[in-house]
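To keep things clear, I will list the structure first and then write my remarks on it.
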Amino acid sequence: MFKVRLNTALNPFCLLLFFSALSPFRSEAQSVVIPIETQNNALVFQADANKDLLTIYFGKKLANNSEYLHVPAIYKQTSDYSGILNSAYAPSGSKNLAEPAITVTHADGNNSLDLKYVSHALKQIDNNVSLLSIVLKDPVYDFSVTLFYKTYFKEDVVEQWSSIQHREKGNVTLHKYASANLYLKSSGYWLNQFYGDWAKEMQPEESKLTRGIKTLDSKLGTRANLFQPPVFMVSLGKPATEDEGTVLFGSLEWSGNFRTDLEVDYQENLRIVSGINNYASTYTLKSNETFVTPVFLHTLSTDGKGVASRNLQRWARNYKLLDGKGQRLTLLNNWEATYFDFNESKLAGLLKDTKKLGVDLFLLDDGWFANKYPRNGDVAGLGDWQENKEKLPNGISSLVKEAQNNQVKFGIWIEPEMVNPKSELYEKHPDWVVKQPKRDEHYFRNQLVLDLTNPNVQDFVYNVVDGLFTKNPELAYIKWDCNSIIYNAHSATIKNQNHFYIEYVKGLYKVLERIRAKYPTVPMMLCSGGGGRVDYAALQYFTEFWPSDNTDPLERIFMQWEYSYFYPAIATANHVTDWGKQPIKFRTDVAMMGKLGFDIVVSHLNANDLKYCQDAIKNYNSLKEIIWQGNQYRLSNPKESNVAAMLYLDENKSSGVIFNYLVNYRYGANSSLPIRLKGLDPAKKYKIREINLYPGTESSIKGETTFSGDFLMKIGFNPDVNSSRTSVILKIEALN
Ligand code: DGJ
């Protein structure tokens, strides 16, 4: 099996040249057709007689790939005056009339760019992954762009990016430098985008794209997702549902400013141009220097959103997320239990509670550091990473030992990219802070961002982490927070301020690279005052992310639902807290849908609540492989029904768990209709029984009947959710 297939029966690894004799539609000169095929899809380019590289097809793949050449002539749309509306990477300043992928000013001051096909090469990385590169060059200037397409055949996932280089006499200014320029044809396009704010992350919004450009972007510099994450979906022809319709999922793998333009052009085709946001970021490219853009990721499904999300989740676990196939630790976090108010003896009690609860690790949150300006609130101390002597006279190491005495692991919170102005770090290094030298400082959560473009700051941040591990080799977990966005973007040391936003993110990645080189697999949570920073570039360094500070389980059902389209459950850290009005069973059941943690005062639980949690953790441990590695099927959408239902099913279709919740609290709301299961083997016989029962309660589901997969997928199963059974977890198991 190979991923990029080229059009020849003789040699699949060489380029097929379609000569005029083979093409009824092109009688002029020879043209080159480059189909990039995955299991179900094809993205097909053609270098035409003018050597313009054009997208001639993007959709379900054809049985016979020599027919792609016939696609363009089948469409009878209005004229494409420029001839490059479907450019694979639209230049500007020459013929192009649409939103460009790239805009430059050459060394001689000229603003025009034309990119012609030169060559392409295919590298087979393994039996599933291939890398295709296509070289384009300006015929007038010594300026070239290489387009890269990394394809994951089985998952139908494509990662694409570009590298830009020149050998002109002097610098070239890049005004725009996209990662990807897609081109799709359909009768209409529906964009599903997401917006958010603190505690309101991943709110979906769907609208029909009309002619013109819709831009999804961030200019926040860091924790760039706060108001708008980079992930989006576009349905073609009609809004896709869970199991029907054609839908493209896309996202930029970049932890800073991003920009995605979706342009319905004058021919009514959709052009998607995505990359680093060029806002305040014109890039000066020296001669012989190469600018490599971040990766743009996409997957196309012709069978609805469910397939796209399962493909993306599988791809993430197999290829992208750090330790995606590995283990995770359940934990007790003290943030909401103590906030900044703790000392050694309080923590000793919490360590005992960690053991009592039955989770793997205790996570010490914010407030453990700083002495001159103690971190007793969020107004001071950030940046001074020495243990606070009053709270922790014996240091972190004694806590790590105490954790060992309790047979649990120990993890710690840091926010190493940020600083409170009221800190020794700020006093010592005012030039390490991102700020405008002549303007007032402006704070976000009373703090500023450290200038990660500065190598000294990179060393400092690295040493915060390395120092903790060196002093405490048994440290088992890091929660890496990042609360502030960037105001007054300016570095005291960088020469070209236009490079600031880009260099900030590159500086962050340099630090993370160094950390991962020394500590390859230690679990780290990507946290950002809630879900302000999650993308697939960052997730190469992190084992999980914190979707939101909003842990009200009712809210979480909706939020986790939306996140699950793009990120696997193993990466989604969910904590049981005191947010919301739901009972402990409901809160715990919802948190079990990802990577489970607790942030409660265990000693405040009554005997039944405690027993419930302890048993639920045992159940979680027996189910976690299915939740983390199984296929996720959305069964009943909380936005459309009284009941939310989600199934996690193992690869063999023999063991699964179904989470069901009441999401409408009006009188009489219940699961009046059976909920159809998905993904089962129709021929297999299944038994369904309820688990996670609250002490002293009995299930209304007797679990005696055996159902075929056929029955469960056509008729369904009723979890009997109602106002006295608001959260129902079902275990489904095949008998044969
Ligand atoms: C924001 C995080 O989202 C919280 O979980 C907590 O760690 C606080 N920061 C600590 O300041």
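First listed ligand is number 1; within each ligand, the first listed atom is number 1.
- Geometrically, R533 does not engage F542 in a cation-pi contact defined by less than 6.0 Å to the ring centre and at most 45° from the axis.
- Remark: of the listed residues I412, N333, T338, N333 is the sole one forming a side-chain contact (heavy atoms from CB on, under 4.5 Å) with D365.
- Checked for salt-bridge contact, K372 and E424 miss the test: no charged N lies under 4.0 Å from a carboxylate O.
- Judged by the 6.0 Å distance and 45° axis criteria, K305 is positioned over the aromatic ring of Y565.
- Sorted pairs that involve residues 354-364 and meet salt bridge (charged side-chain N to carboxylate O under 4.0 Å, His left out), not counting sequence neighbours, are lacking altogether.
- In this structure, a donor-acceptor pair under 3.5 Å is present between the side chains of S255 and Y509.
- Closer than 4.0 angstrom to ligand 1 by heavy atom are W335, D365, D366, W413, R445, K479, D481, N483, C527, G529, G530, W546, D549, sorted by chain and number.
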